[in-house]
Chemist: 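For reference, the structure I am asking about is given below.
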Amino acid sequence: MSDTEVVIQQLLELNQRLLDSITSGDWQTYSELCDATLSAYEPEARGHLVEGMDFHRFYFDLDSGDGPRNTTMASPHVRLLGDTAVVCYVRLIQHLDAEGRPVTDRFEETRVWHREGDRWTHVHFHRSANA
Ligand code: GLY
C-alpha cells in the first residue's frame, strides 16, 4: 500500500468513527475528532452556516435512545490536498420507523479534514436533506 493509500484508509476510518460517534451519542469522541471552530451546513441549520460545537451538542444531549441504528458510508471518495482532505460519500442510516419496520435514510455528505502534525481534525461538513 502506498503512503497516499495509507492516509486515505486512515481518513475513511476516522470519518466512520465520527459517524459512529453520532450514531451512539458519544459526545466525547465526536468533540475530540472535531475542531472547536467546526463549520457546517446541514438541514437542521435551515440553510445557515453554523460554527462551533454548541449547535451539534444539542442533539447529543437529547439522548434520543430510539432503537438500533447502523451508519454506512457508500461509495466514499477522498481527495487529498496536502494537509487538507475532502471526504465525500452517501451516508446511509438504517433504523426502525414508528411501527418498528426497518427504513434507510440517505444523505449526501462532504466532510473536510485538516492535518496538523500527525493529527487529522474535522473542520467543515455539508449534508444534504434526507432523500
Ligand atoms: N450534526 C453532526 C454531524 O453530522 O457531524
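Remember, it's 1-based here, ligands and their atoms both numbered in the order they're listed.
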Chemist: Is the number of heavy atoms from other residues, nucleotides or ligands under 6.0 Å of D3 CG greater than 12?
Modeler: no

Chemist: Any luck finding a side-chain donor-acceptor pair between R111 and H122 under 3.5 Å?
Modeler: yes

Chemist: Using a 4.0 Å cutoff against the non-hydrogen atoms of R111, which atoms of ligand 1 qualify?
Modeler: 3 (C), 4 (O), 5 (O)

Chemist: How does L18 reach ligand 1, if at all, at less than 4.0 Å between non-hydrogen atoms: by side chain, backbone, both, or neither?
Modeler: neither

Chemist: Between F125 and ligand 1, find which residue part has any heavy-atom pair under 4.0 Å and reply side chain, backbone, both or neither.
Modeler: side chain

Chemist: Taking the six-membered ring for Trp and the single ring otherwise, decide whether the centroids of F125 and H56 are under 6.0 Å apart.
Modeler: yes

Chemist: Knowing that exactly one of T84, T121, N15 qualifies, which makes a side chain to side chain donor-acceptor pair (under 3.5 Å) with W113?
Modeler: N15

Chemist: Applying a heavy-atom cut-off of 4.0 Å, say which part of R91 lies close to ligand 1: side chain, backbone, both or neither.
Modeler: side chain

Chemist: Looking only at side chains, do D26 and S24 share a donor and an acceptor under 3.5 Å apart?
Modeler: no

Chemist: Counting non-hydrogen protein atoms only, what is the nearest one to atom 1 (N) of ligand 1? Give residue, atom name and distance.
Modeler: E42 OE1, 2.9 Å

Chemist: What protein heavy atom sits nearest atom 5 (O) of ligand 1, and how far off is it?
Modeler: Y30 OH, 2.6 Å

Chemist: Thinking salt bridges, do E108 and R91 make one under a 4.0 Å N-O criterion?
Modeler: no

Chemist: At less than 4.0 angstrom from any non-hydrogen atom of H56, what atoms of ligand 1 do you find?
Modeler: 1 (N), 2 (C)

Chemist: Can you tell which part of E44 has a heavy atom less than 4.0 Å from ligand 1: side chain, backbone, both or neither?
Modeler: neither

